[in-house]
K.L.:
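The structure that follows is given in the form of structure tokens.
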Amino acid sequence: MRYDPKKIEARWQKKWLADKTYEPDFKHAKKPFYNLMMFPYTSAEGLHIGGMRTFTGVDIYGRLKRMQGYDVFEPIGLDAFGIHSENYGLKTGRHPMTYGRVLEKNFYRQLAMMGNGFAWDERLETNDAEYYRWTQWIFVQMFKRGLAYRKKQAVNWCPSCKTVLADEQVIAGECERCGSVVVKKELEQWFFRITQYTERLLQNLEKIDWSERVKIAQKNWIGKSEGAMIKFKVKSDVKNDDIEVFTTRPDTLFGATYLVVAPEHEFIESHKSQITNYVQVVAYVKKARTKAEADRIAAGKEKTGVELKGIKAINPANNEEISIFVADYVLGSYGTGAIMAVPAHDERDFAFAKKYKIANRQVIEPVFIQTTEPGIVRKDLPFEHRDAIIAIVKHWSEEKYIGLKWKTVAWQTLVTGGIEKGQTAEEAAKAEIREEAGFLHPKLIADLGIIHGKWYHVPKQVNRFGHARALYFELQDGAREAISEAEQKNHDMFWFSKEDLEKFLSPESHRWALAILDRSRAYTGDGILTHSGSFTGMDSEEAKWEITKFVRGKRVSQYHLRDWLLSRQRYWGPPIPMIFCEVCKNTGRGERPEMPGWYAVPEKNLPVKLPFVKDFRPTGTDQSPLASVATFYKVRCPKCKKMARRETDVSDTFLDSAWYFLRYPSTRSARSGQVPWDQEITKKWLPVSIYIGGAEHSVLHLMYSRFLTMAFCDWKLLKFEEPFPKFRAHGLITKDGAKMSKSKGNVVNPDDYIRAYGADAVRMYLAFLAPFEQGGDFRDTGIRGITRFLERVWKFAHKVIMIRQPAEKNLKRSFGHRPQDDALQIILHKTIKKVTEDIENLQYNTAISALMILLNEVEASQNAVGAEDIKIFLKLLAPFAPHITEELWQKSGNRELGAGSRKFRSIHREAWPKYNPRFIQENMVDFIFQINGKTRVVIEIKRGSSQQEATRLARNLDAVKQRLPSEPTRVIFIPDKLINFVVQ
RNA sequence: GCCGCUGUGAUGAAAUUGGCAAACAUGCGGGACUCAAAAUCCCGUGGGGGCAACCCCUUGUCGGUUCAAGUCCGACCAGCGGCACCA
């Protein structure tokens with residue numbers, strides 16, 4: 001009897017389907033478990049090996065749950081709409097509407113071959129009119145509730161896909177799909193108001209159990225920053241009004257020496273008559289607006305801009321008149337599209353101000369807190385304030401500077417010390433230079449201002465809050481006196497070039513002193529205010545809100561997240577179900593007051609079917625191919641019944657997949673309902689129990705799904721606001737270390753491997769190769785180990801079932817009937833425990849290794865193994881290798897039940913084995929004897945042995961005895977684990 | 001630049017959360033079976049030393065805490081991922 005996977009796999013797949021083994025009873029299920037994987041999209045390449053790994057990973061988990069008594073629902077379907085399938089059609093000249101069926105069939109065939117426990121009866125496709133009528137219905141609801149709107153703005157345009165894209169679909173300036181450089185286009189488009197949910201999308205992240213990296217990605221994408229809105233008065237000869245800016249640093253307001261508006265800012269247009277150099281400004285704006293996003297970034301740090309002449313703004317903190325610029329380093333889409341510029345405390349403003357020679361005023365004195373040893377601030381000690389100096393001292397004839405290496409503590413500093421009573425900073429510095437370096441003739445060249453520092457002064461054992469004046473000296477000559485012995489014990493003195501000195505210095509405050517000598521950087525950290533009127537001396541954190549109050553600003557949060565741009569100028573998607581009526585627009589009528597002329601297609605007229613269009617190529621204009629199909633777009637206005645025009649854009653494919661999980665359980669029962677899902681079933685089955693998918697969808701699919709679910713919850717259509725309380729991101733499968741892609745020609749096709757080794761072997765290899773959440777490299781050789789394992793299982797199980805079982809009828813030596821200390825019993829129960837826990841933690845690789853260990857063990861002690869043992873083994877293996885275990889199970893089961901039993905009962909519906917904690921405790925434990933923490937001997941001793949017993953044993957062990965004096969300094973005893981003798 | 005993750009044999013990876021580093025597999029070497037090969041089975045396999053029982057070293061690098069560190073703390077190096085002219 002050879003193990004022939006091809007034969008048995010096909011047989012059981014057919015049987016399961018006929019038996020409806022994996023179809024839950026939606027109405028009556030007692031323990032519903034919604035086991036979901038991310039929706040695959042139909043692709044010409046078919047199923048990817050990485051996709052197979054995800055699906056089997058989910059399936060393994062679901063099979064455990066099913067055997068644990070849950071009613072597991074593991075749906076499957078296809079996201080068949082979208083640019084991916086459409087582009088394939090364009091390339092091959094095959095129409096997606098017809099050829100899509102072929103791809104679909106192939107995809108389902110591949111999925112079926114994996115042997116997953118899919119509920120095939122509930123499958124759905126997004127391009128099915130019965131599905132997308134509800135996608136359109138969602139759009140209509142969004143519109144009716146003011147969450148869908150049209151707006152003209154500069155949007156991302158992919159020249160290769162010939163459509164606009166959402167921000168989320170632009171990765172570092174490139175199209176997420178095809179990698180082309182995205183350009184900006186000024187277009188009127190449909191948006192969903194996801195920004196209305198920003199704060200909830202952010203807050204809820206705390207409540208959901210997701211892979212940490214995905215949560216962080218969402219958090220970054222939402223991009224919250226806290227700050228203030230501040231109004232600046234604008235003055236000109238013509239009229240006075242104001243301009244509002246957003247800043248996270250209102251504490252630097254006194255240092256704001258100019259304002260900048262983005263090229264897109266309406267301020268420019270509305271102040272046309274006041275700007276005396278308007279022609280020049282408009283030329284700049286025009287150039288900036290046509291620049292591709294990528295060019296704008298590539299242009300890098302070189303800042304450009306034009307001053308708006310003829311108008312000035314007033315800094316509300318000090319009533320100073322300041323200039324206004326337009327510059328493309330300010331984005332129109334963030335904050336108010338205008339900023340206050342503080343050259344002294346912002347890198348970008350610093351660079352711009354330097355180029356255009358705008359005043360730079362320091363208003364924050366830096367405070368550096370020591371974060372590295374030696375010198376980390378002790379939390380339990382108070383601060384001792386101290387006025388001090390930091391002196392940069394230059395050589396009298398060379399480009400060299402003094403650095404001090406401390407001998408008592410690992411500090412490397414400039415010349416530094418305290419200011420004594422009655423001393424000026426200059427006097428104090430000169431005294432230190434003489435004491436620490438011996439030089440007699442330093443000349444003060446520059447006062448670099450105050451630098452504060454908090455640190456723990458190790459030699460003096462106090463927390464210091466130092467206020468140091470940084471001074472720059474040049475030595476007039478080399479005249480020098482001897483350094484006292486006391487000082488010589490404190491430091492060594494060295495000369496350094498400026499670069500070497502910067503590397504040499506350890507406290508950040510000293511490095512900063514060197515940086516301001518060149519005036520090459522802006523200080524962007526927190527500190528203490530200076531040159532800030534009555535706020536001088538205040539901490540910047542406190543000053544932020546005090547100054548905001550002072551100038552009547554508002555404390556607000558800003559977010560990076562933008563509204564979801566939803567329209568696509570393409571063919572292969574659900575038409576956006578809207579109608580525009582010119583007549584109504586002109587009379588000011590419309591369904592929403594803010595959008596005259598626009599009407600949603602009445603719900604009874606949904607779906608708006610996508611017509612068959614022979615030439616479905618994108619036009620490359622801002623119009624979809626549907627715009628040239630008169631029979632499609634010509635429609636009567638739902639209100640006035642005059643001729644109107646249908647919207648001809650289709651919706652983003654991410655809308656199709658943002659709600660599919662709500663539909664699955666209801667595919668068969670909600671066909672003609674008022675909402676896309678059956679309320680009763682939804683209440684029972686949702687939210688999703690566990691969701692598994694790729695981290696690459698962190699800010700696309702997952703964000704959109706959360707958004708829609710929240711909206712539905714607010715509309716009382718759902719009772720939960722998070723669709724996926726538990727989500728795990730799987731790892732990526734590479735081939736030869738590289739991401740698989742068609743262009744690289746390294747795509748692994750699962751078909752070939754399943755054909756060669758069987759689905760069970762491929763499944764197990766994919767699970768064994770690395771922890772599920774980690775991913776790894778696909779190697780052909782790796783499958784061999786799994787194949788060997790399955791063949792051994794096959795042979796061994798046959799041996800037990802066919803030969804031994806009949807003979808052991810009365811032998812009560814199997815599971816549960818063994819003596820307490822039976823070695824096989826112990827390992828059996830341990831394996832049950834480990835496999836159960838590992839599957840629950842998605843650690844399939846170690847679960848499989850535990851099964852391998854069990855098989856090794858069991859083969860080595862064949863005599864003791866009974867049919868009951870083998871059946872437990874098969875159950876534990878069943879989630880990973882569903883076919884071979886079913887085959888062997890049925891073989892063993894038929895004998896047990898007798899020839900009379902005809903009823904099919906799948907192993908996958910049998911109860912998962914339970915372990916007995918009592919049997920896991922061995923009587924003997926491996927006990928470690930250590931000397932000074934080094935293991936010397938390991939021997940088996942009785943569980944529960946005392947320290948005295950262990951010590952007595954130790955004294956009889958040669959390896960220990962030799963090294964052990966009569967009285968060890970110390971003994972550490974950990975029961976049932978180790979004893980460690982500490983010897984001097 | 002900011003935020004996060006990961007560094008363990010030739011390779012994929014384990015390590016009951018601070019307690020025998022390298023489980024399980026792959027690969028490689030040797031042997032058995034065979035006319036031969038494949039398959040299968042057995043033995044060996046981190047590095048160094050010793051005739052040997054054994055000993056010393058080893059988890060990216062350096063330092064620290066501890067009786068004991070792959071695991072905790074600090075610095076650095078390398079790789080991966082997210083964000084990034086976001087005020």
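What you see is a predicted model; the values in this text were computed from it and never measured. Within every chain, numbering begins at 1; the chains are lettered A, B, ... in the order of the sequence lines, protein sequences first and strands thereafter.
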K.L.:
A:R792 has a side chain; which of B:G27, B:C41, B:C86 sits nearest to it?
P.N.:
B:C41
K.L.:
Tell me which nucleotide among B:U40, B:C67, B:C85 gets nearest to the side chain of A:N980.
P.N.:
B:C67
K.L.:
Rounded to the Å, how far apart are A:E212 CD and B:C80 P?
P.N.:
23 Å
K.L.:
Whole angstroms only, please: what is the CZ-C1' distance between A:F796 and B:C41?
P.N.:
16 Å
K.L.:
Both A:I216 and A:A850 contact RNA chain B. Which one's nearest nucleotide lies toward the 5' end?
P.N.:
A:I216
K.L.:
Under 3.5 Å, is there an N or O donor on one side and an acceptor on the other linking the side chain of A:R936 and the base of B:C55?
P.N.:
no
K.L.:
In whole Å, what is the span from the CG atom of A:D838 to the C1' atom of B:A14?
P.N.:
11 Å
K.L.:
Could you tell me whether the side chain of A:Q930 has a donor or acceptor atom within less than 3.5 Å of a complementary atom in the base of B:G19?
P.N.:
yes
K.L.:
Tell me if B:U34 is syn or anti. Syn = glycosidic torsion within 90° of 0, anti otherwise.
P.N.:
anti
K.L.:
Side chain of A:I972: nearest nucleotide among B:A25, B:C86, B:C67?
P.N.:
B:C67
K.L.:
How long is the line joining CG of A:D167 and P of B:A84, in whole Å?
P.N.:
9 Å
K.L.:
Donor-acceptor pair, distance only, cut-off 3.5 Å: does the side chain of A:S211 make one with the backbone of A:A729?
P.N.:
yes
K.L.:
For the ring pair A:F929 and A:F981, is the centre-to-centre distance below 6.0 Å?
P.N.:
no
K.L.:
Between B:U26, B:G12, B:G19, spot the one nearest the side chain of A:F768, thanks.
P.N.:
B:G12
K.L.:
Counting side-chain heavy atoms from C-beta on, which of B:A68, B:U40, B:C86 comes nearest to A:R788?
P.N.:
B:U40
K.L.:
Establish, yes or no, whether a centroid distance under 6.0 Å links the rings of A:F919 and A:H829.
P.N.:
yes
K.L.:
What contact category does A:S698 fall into here, base, sugar-phosphate, or nothing, at under 4.0 angstrom with non-hydrogen atoms?
P.N.:
nothing
K.L.:
Phosphate oxygens OP1/OP2 of B:A84: is one of them under 4.0 Å from a side-chain N or O of A:H560?
P.N.:
yes
K.L.:
Just how far, in rounded Å, is P of B:G12 from CZ of A:F778?
P.N.:
16 Å
K.L.:
Counting heavy atoms from C-beta on, name the nucleotide in B:C20, B:C85, B:C83 closest to the side chain of A:N220.
P.N.:
B:C83
K.L.:
Whether A:R213 contacts B:G82 is assessed here as follows: a side-chain N or O lying under 4.0 Å from the phosphate OP1 or OP2. Is that the case?
P.N.:
no
K.L.:
Would you indicate which nucleotide in B:A13, B:C24, B:C85 comes nearest to any side-chain atom of A:D328?
P.N.:
B:C85
K.L.:
Has A:T846 got a side-chain N or O lying under 4.0 Å from the OP1 or OP2 atom of B:C24?
P.N.:
no
K.L.:
A:R562 has a side chain; which of B:U40, B:C24, B:C86 sits nearest to it?
P.N.:
B:C86
K.L.:
Rounding to a whole Å, what distance do you find between A:K830:NZ and B:A15:P?
P.N.:
15 Å
K.L.:
Would you state whether a donor and an acceptor, one from the side chain of A:K303 and one from the base of B:C85, lie under 3.5 Å apart?
P.N.:
yes
K.L.:
Tell me whether the guanidinium CZ or amine NZ of A:K303 lies under 6.0 angstrom from the six-membered ring centre of A:F352 and within 45° of its axis.
P.N.:
no
K.L.:
For A:E508, which residues count as a side-chain contact (heavy atoms from CB on, under 4.5 Å) partner, sequence neighbours excluded?
P.N.:
A:F368, A:R511
K.L.:
A:N841 has an atom CG; how far is it from atom P of B:U16, in whole Å?
P.N.:
12 Å
K.L.:
From B:C20, B:G19, B:A87, pick the nucleotide closest to the side chain of A:K977?
P.N.:
B:G19
K.L.:
Are OP1 or OP2 of B:A87 and a side-chain N or O of A:Y329 less than 4.0 angstrom apart?
P.N.:
no
K.L.:
Please assess A:K830 against A:I826 for the test side-chain contact (heavy atoms from CB on, under 4.5 Å), listing each intermediate value before the final yes or no.
P.N.:
CA-CA 6 Å; A:K830 274 187 168 170; A:I826 290 165; 4.2 Å; yes
K.L.:
Using heavy-atom distances to pick each residue's nearest nucleotide on RNA chain B, tell me which of A:M852 and A:G335 is more 5'.
P.N.:
A:M852
K.L.:
What nucleotide, of B:A84, B:A23, B:G19, holds the atom closest to the side chain of A:S849?
P.N.:
B:A23
K.L.:
Do A:W406 and A:Q412 pair up side chain to side chain, a donor and an acceptor below 3.5 Å, judged on atom types alone?
P.N.:
no
K.L.:
Report the distance from atom CH2 of A:W221 to atom P of B:G81, rounded to the nearest whole Å.
P.N.:
17 Å
K.L.:
OP1 or OP2 of B:A14 less than 4.0 angstrom from a side-chain nitrogen or oxygen of A:N845, does that happen here?
P.N.:
yes
